[in-house]
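None of the values given here were measured: they were computed from a predicted structure. Here is how names work: the chains are called A, B, and so on, in the same order as the sequence lines, proteins then strands, and each is numbered from 1.
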Amino acid sequence: MTTRKVRVRFAPSPTGPLHIGGVRTALFNYLFAKKHGGDFILRIEDTDSTRFVEGAEEYINESMEWLGMPIDEGVKQGGEFGPYKQSERREIYKKYADQLVETGWAYYAFDTPSELDALRAKAEAEKVPFSYDMHTRNGLKNSLALSDDEVKQRMDAGEPWVIRFKMPENTEVQTNDMVRGSVTFNTATLDDKVLYKSADNLPTYHLANIVDDHLMEISHVIRGEEWLPSVPLHILLYRGLGWEDTMPQFAHLPLILKPTGKGKLSKRDGDKGGFPVFPLNWQLEDGIAMGYRESGYFPEAVVNLLALLGWNPGTEQELFSMDELIQLFTIERVNKSGARFDPDKAKWFNQQHLIRKEDAELATLFQVELKERGHEIGNGFVQEAVAMVKERVNFVSELWEQTAFFFEAPSTYDPKVVKKRWKGDVPAFMTELTPELDKVENWKADDIKATIAAQIEAKELGFGLVMNAFRLALVGGGFGPDLMTIAEMIGREETIQRVKAAVENIG
RNA sequence: GGUCCCUUCGUCUAGUGGUUAGGACACAUGGUUUUCAUCCAUGAAACAGGAGUUCGAUUCUCCUAGGGACUACCA
């Protein structure tokens with residue numbers, strides 16, 4: 001293969017929200033393109049007019065934007081190889097479909113879908129597979145079996161037709177897949193795929209993708225493993241069109257599998273396992289499909305976790321930025337086998353990226369929720385609070401439950417902690433403690449601690465017992481970061497208030 | 001059914017013709033900690049099976065088994 005410019009495309013079909021497997025395909029295309037200084041193209045494959053879904057294209061664009069994969073050429077961005085939407089390229093395909101018929105690589109067929117359905121049903125009843133292929137095509141209604149006159153007659157009468165690929169008999173087709181190595185097929189088991197349909201004057205995926213990849217000068221086709229079986233058809237199409245010498249190189253990515261059970265990851269798995277399968281939320285008739293963005297994931301965490309599903313750099317590094325991924329990515333290190341999606345590890349990736357974020361950035365993110373809860377707090381204070389708990393949350397959305405006591409007094413007290421820590425001399429001690437707290441000269445963690453410690457010693461009580469009770473009074477439970485720092489941050493007045501409230505309310 | 005692809009701890013994976021088969025998530029135990037978490041340490045945990053090639057195979061070949069994808073006028 002000559003050293004031509006790397007140009008790859010991500011070619012989703014606008015039939016609904018982008019599946020996470022599709023996102024991973026996009027990511028690997030993007031990484032490959034950027035690694036080689038090439039172009040990343042987004043092509044909308046809407047050749048199935050019956051499956052078009054409103055808003056899906058916009059969803060794809062928004063997803064790519066959120067994930068940080070800027071598109072070099074596409075419907076929105078434009079480019080010299082447009083249009084980038086297949087439904088706007090109608091005229092282009094017809095010409096090549098005709099060419100294939102003229103050169104004997106394809107033929108017209110008039111069999112209706114219902115006729116074919118009937119044949120399939122009949123075959124199934126007899127437990128033999130029906131296939132529109134070299135064995136059956138001569139007995140069906142097509143330009144191979146019918147006379148020229150009859151073909152012309154049917155065409156003139158406006159009868160719907162399709163153009164089918166005439167699969168050669170017993171030909172070995174070999175490909176050198178970048179992730180799988182040599183793969184060989186024999187055309188004897190392949191059928192005559194529909195390439196073009198008069199019903200909507202559009203090609204099917206197979207013809208459209210070959211024509212577009214050629215015209216758009218795509219150098220590498222990186223796509224999911226589900227396409228592997230159609231590789232021989234595609235190669236033959238390049239051959240039939242006379243483009244085999246500039247045919248792109250293929251790379252078929254392993255599938256992303258369900259966390260448990262069998263098969264590839266589907267929308268239902270997300271519902272069952274409580275994790276997102278889509279980058280962004282998507283409104284369904286009967287509910288909503290969860291998105292990573294709305295579930296609180298950082299785009300860089302999603303990119304990171306997806307990159308490691310089926311690829312690794314061969315080192316023990318697991319956390320990467322997009323730039324690092326671009327540097328390190330090679331198709332050669334893509335795995336062959338399917339990767340099972342692990343929701344736990346997905347969370348871990350988010351946590352790791354969260355920990356690495358600046359406190360200021362997290363604070364700003366967290367401020368949104370604080371405002372919703374009616375707390376107008378300076379960013380400095382929020383930063384301090386966030387810094388103390390960031391290592392114990394996976395998501396920004398978990399920050400509140402870990403820091404609520406910084407912003408408001410506890411309204412309830414964890415009964416288990418009450419039972420264990422609020423007993424004996426403790427309540428009385430807490431009452432006696434408040435005037436002592438009032439006397440702390442310098443309201444800093446160290447001084448507060450010294451004061452309390454002195455009191456504990458004077459009363460000969462257990463340090464742990466008292467501190468836990470004190471914690472219960474300030475935070476309402478047995479959790480949270482360093483207690484003295486909490487006291488320092490919420491201030492003397494508030495601390496004393498909370499101790500008094502605890503004495504009153506816990507009984 | 002047919003075609004093609006795949007197979008290292010539960011999961012994601014590294015790895016080499018000779019390794020104590022490494023890491024991460026999850027799990028368990030212990031330690032630190034005023035609690036929980038964090039953190040640290042430790043542990044349990046894998047080469048699907050069978051032949052063959054070889055002095056020696058997890059690694060190479062073949063077979064079997066298992067899994068997956070595809071098999072539409074969908075992509």
Side-chain angles (χ1 to χ4, degrees), chain A residues 11-15 22 45-48 50-51 109 111-113 116-117 120 124 127-132 160-164 177 179-180 183-186 188-191 193-200 202-206 208-209 223-232 252 254-255 257 259-260 262-264 305 308-319 333 335-349 355 388-393 402 414 417 420-421 449 452-453 462-472 475 477-484:
Chain A
S13 186
T15 53
E45 307 229 328
D46 57 346
T47 53
D48 185 356
T50 63
R51 292 211 308 161
D111 318 85
T112 65
L116 294 173
D117 284 346
R120 279 194 195 92
E124 197 176 337
K127 297 218 192 272
V128 290
F130 170 77
S131 171
Y132 206 120
W161 47 263
V162 298
I163 291 176
R164 280 182 184 271
D177 191 275
V179 343
R180 275 147 222 287
V183 183
T184 308
F185 305 84
N186 190 302
T189 58
L190 270 23
D191 64 345
K193 284 273 178 279
V194 171
L195 301 178
Y196 196 91
K197 45 215 154 81
S198 69
D200 50 11
L202 281 168
T204 60
Y205 168 82
H206 301 292
N209 105 84
R223 80 239 281 199
E225 187 188 320
E226 66 268 29
W227 293 109
L228 202 50
S230 38
V231 164
H252 288 90
L255 263 17
L257 276 14
T260 55
K262 306 165 177 180
K264 65 175 174 179
L305 76 92
L308 270 315
L309 233 35
W311 173 86
N312 79 82
T315 64
E316 284 177 1
Q317 184 179 355
E318 295 209 87
L319 271 6
R333 292 206 63 91
N335 277 92
K336 293 182 177 72
S337 50
R340 197 161 267 184
F341 181 82
D342 183 350
D344 281 332
K345 197 145 188 183
K347 283 183 192 157
W348 178 79
F349 276 112
I355 290 170
M388 291 174 76
V389 303
K390 67 194 277 194
E391 281 174 357
R392 44 185 102 190
V393 300
Q402 292 293 333
D414 185 339
V417 182
K420 194 172 169 195
R421 311 289 190 184
K449 186 170 186 176
I452 296 177
F463 194 78
L465 186 68
V466 172
M467 292 307 272
N468 277 296
F470 191 39
R471 173 175 293 277
L472 180 67
V475 316
F479 66 96
D482 182 68
L483 190 55
M484 297 308 131

Trainee: NE2 of A:His206 versus P of B:U71: gap in Å, rounded?
Mentor: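 Taking NE2 of A:His206 and P of B:U71, I get 8 Å after rounding.
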Trainee: Nearest to the side chain of A:Phe463, which nucleotide is it out of B:A26, B:U34, B:C4?
Mentor: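 Selected nucleotide: B:U34.
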Trainee: What nucleic acid atoms does A:Arg51 come within less than 4.0 Å of, heavy atoms only: base, sugar-phosphate, or nothing?
Mentor: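 Contact class for A:Arg51: base.
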Trainee: How do A:Pro203 and A:Trp311 order along RNA chain B: which one's closest nucleotide is nearer the 5' end?
Mentor: A:Trp311
Trainee: If only atom types and distance count, is the side chain of A:Asn468 paired as donor or acceptor with the main-chain N or O of A:Leu465 below 3.5 Å?
Mentor: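 Absent.
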Trainee: Which is true for A:Ser131 with a 4.0 Å heavy-atom rule: it touches a base, it touches only sugar-phosphate, or it touches nothing?
Mentor: nothing
Trainee: Is any side-chain N or O of A:Arg164 under 3.5 Å from a base N or O of B:C73, one able to act as donor and the other as acceptor?
Mentor: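 A donor-acceptor contact between them is absent.
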Trainee: Find the distance A:Ile163:CD1 to B:C73:P and express it as a whole number of Å.
Mentor: 15 Å
Trainee: Side chain of A:Pro229 only, please: which of B:A75, B:C25, B:A69 is the nearest?
Mentor: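 Looking only at side-chain atoms, A:Pro229 lies closest to B:A69.
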Trainee: For the side chain of A:Asn312, counting heavy atoms from C-beta on, which of B:C73, B:U13, B:G1 is nearest?
Mentor: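 For the A:Asn312 side chain, the nearest candidate turns out to be B:U13.
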Trainee: B:C27 pairs with which nucleotide, Watson-Crick or G-U wobble, both distances below 3.5 Å?
Mentor: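 Partner of B:C27: B:G43.
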Trainee: Look at A:Glu318 together with A:Lys345 and state whether they make a salt bridge at an N to O cut-off of under 4.0 Å.
Mentor: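 Salt bridge present between A:Glu318 and A:Lys345.
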Trainee: So how far is it from A:Asp414 CG to A:Arg421 CZ, rounded to the nearest 0.5 Å?
Mentor: 11.0 Å
Trainee: With nearest nucleotide decided by heavy atoms, which residue, A:Phe130 or A:Leu309, maps closer to the 5′ end of RNA chain B?
Mentor: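 By nearest-heavy-atom nucleotide position, the 5'-most residue is A:Leu309.
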Trainee: Which part of the nucleic acid, if any, lies within contact of A:Lys127, taking any heavy atom under 4.0 Å across all strands shown: a base, the sugar-phosphate backbone alone, or nothing?
Mentor: nothing
Trainee: Between A:Thr47 and B:A75, is there a contact of a side-chain N or O with OP1 or OP2 at under 4.0 Å?
Mentor: yes
Trainee: Side chain of A:Arg340 only, heavy atoms from C-beta on: which candidate in B:A75, B:U35, B:U11 is closest?
Mentor: B:U11
Trainee: Name the closest nucleotide to the A:Glu318 side chain, picking from B:U38, B:A24, B:A75.
Mentor: B:A24
Trainee: Counting only distance, no hydrogens or angles, is the base of B:U35 paired donor-acceptor with the side chain of A:Arg471 under 3.5 Å?
Mentor: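 Side chain to base: pair found, below 3.5 Å.
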Trainee: Across all strands, who's sitting opposite B:U53 as a Watson-Crick or G-U wobble pair, both distances under 3.5 Å?
Mentor: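 Result: none.
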Trainee: When we call it a touch if two heavy atoms are under 4.0 Å apart, what does A:Gly263 touch: a base, just sugar-phosphate, or nothing?
Mentor: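 The residue A:Gly263 makes sugar-phosphate contact but no base contact.
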Trainee: Determine the Euclidean distance between corresponding C1' atoms of B:G18 and B:G56; express it in Å to zero decimal places.
Mentor: 7 Å
Trainee: Between A:Thr47 (side chain) and A:Thr204 (backbone), is there a donor-acceptor pair under 3.5 Å?
Mentor: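 Not confirmed, A:Thr47 side chain does not pair with A:Thr204 backbone.
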Trainee: Considering Watson-Crick and G-U wobble pairs with both distances under 3.5 Å, what does B:G1 pair with?
Mentor: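 B:U71 - that is the nucleotide pairing with B:G1, both distances being under 3.5 Å.
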Trainee: Applying a 4.0 Å non-hydrogen cut-off, can you work out what A:Leu483 is touching in the nucleic acid: base, sugar-phosphate, or nothing?
Mentor: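 If one applies the 4.0 Å heavy-atom cut-off, A:Leu483 turns out to touch a base.
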Trainee: Looking only at side-chain atoms of A:Val194, point me to the closest of B:G1, B:C73, B:C36.
Mentor: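 So the side chain of A:Val194 is nearest to B:C73.
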Trainee: Whether the side chain of A:Lys390 engages the backbone of A:Ile355 through a donor-acceptor N/O pair (distance < 3.5 Å, no angle test) should be reported.
Mentor: yes
Trainee: Taking side chain to side chain donor-acceptor pair (under 3.5 Å) as the criterion, tell me which of A:Arg180, A:Arg223, A:Lys336 meets it with A:His252.
Mentor: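 Passing option: A:Arg223.
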Trainee: Parallel, tilted or perpendicular: which one describes the rings of A:Trp161 and A:Tyr196, with boundaries at 30° and 60°?
Mentor: parallel
Trainee: Nearest whole Å is fine: how far is B:C74 C1' from A:Tyr196 OH?
Mentor: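 The distance from OH of A:Tyr196 to C1' of B:C74 comes to 17 Å, rounded to the nearest Å.
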Trainee: Can you find a side chain N or O atom of A:Asn335 that sits less than 4.0 Å from OP1 or OP2 on B:A14?
Mentor: yes
Trainee: When we call it a touch if two heavy atoms are under 4.0 Å apart, what does A:Ala199 touch: a base, just sugar-phosphate, or nothing?
Mentor: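 Since no nucleic acid heavy atom lies under 4.0 Å of A:Ala199, the category is nothing.
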Trainee: Under 4.0 Å from OP1 or OP2 of B:C73: is there any side-chain N or O of A:Arg120 that close?
Mentor: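 For B:C73, OP1/OP2 do have a side-chain N/O of A:Arg120 under 4.0 Å.
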Trainee: Given B:U3, B:A37, B:U71, identify the nucleotide with an atom nearest to the side chain of A:Thr189.
Mentor: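 Shortest atom-to-atom distance from the side chain points to B:U3.
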Trainee: Can you find a side chain N or O atom of A:Arg333 that sits less than 4.0 Å from OP1 or OP2 on B:G15?
Mentor: yes
Trainee: Of the candidate nucleotides B:C4, B:C73, B:G23, which contains the atom at the shortest distance from the side chain of A:Val183?
Mentor: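 Among B:C4, B:C73, B:G23, the one nearest the side chain of A:Val183 is B:C4.
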Trainee: Between A:Thr15 and A:Arg51, is there a donor-acceptor pair closer than 3.5 Å when you use the side chain of the first and the backbone of the second?
Mentor: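 The answer is no, because no donor-acceptor pair under 3.5 Å joins these two groups.
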Trainee: What does A:Tyr205 touch in the nucleic acid at a heavy-atom separation under 4.0 angstrom: a base, only the sugar-phosphate, or nothing?
Mentor: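 If one applies the 4.0 Å heavy-atom cut-off, A:Tyr205 turns out to touch a base.
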Trainee: Please classify the nucleic acid contact of A:Asp111 as base, sugar-phosphate, or nothing, using heavy-atom distances under 4.0 Å.
Mentor: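 It contacts base atoms.
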Trainee: For A:Gly310, answer base if it contacts any base atom (sugar-phosphate contacts may also be present), sugar-phosphate if it contacts only those atoms, and nothing otherwise; contact means non-hydrogen atoms under 4.0 Å.
Mentor: sugar-phosphate
Trainee: Among B:A24, B:A75, B:C4, which is the nearest nucleotide to the side chain of A:Lys345?
Mentor: B:A24
Trainee: Counting only Watson-Crick or G-U wobble pairs whose two distances fall under 3.5 Å, which nucleotide matches B:A48?
Mentor: B:U64
Trainee: Between B:U71, B:A75, B:C25, which nucleotide has the shortest distance from any of its atoms to the side chain of A:Ser13?
Mentor: B:A75
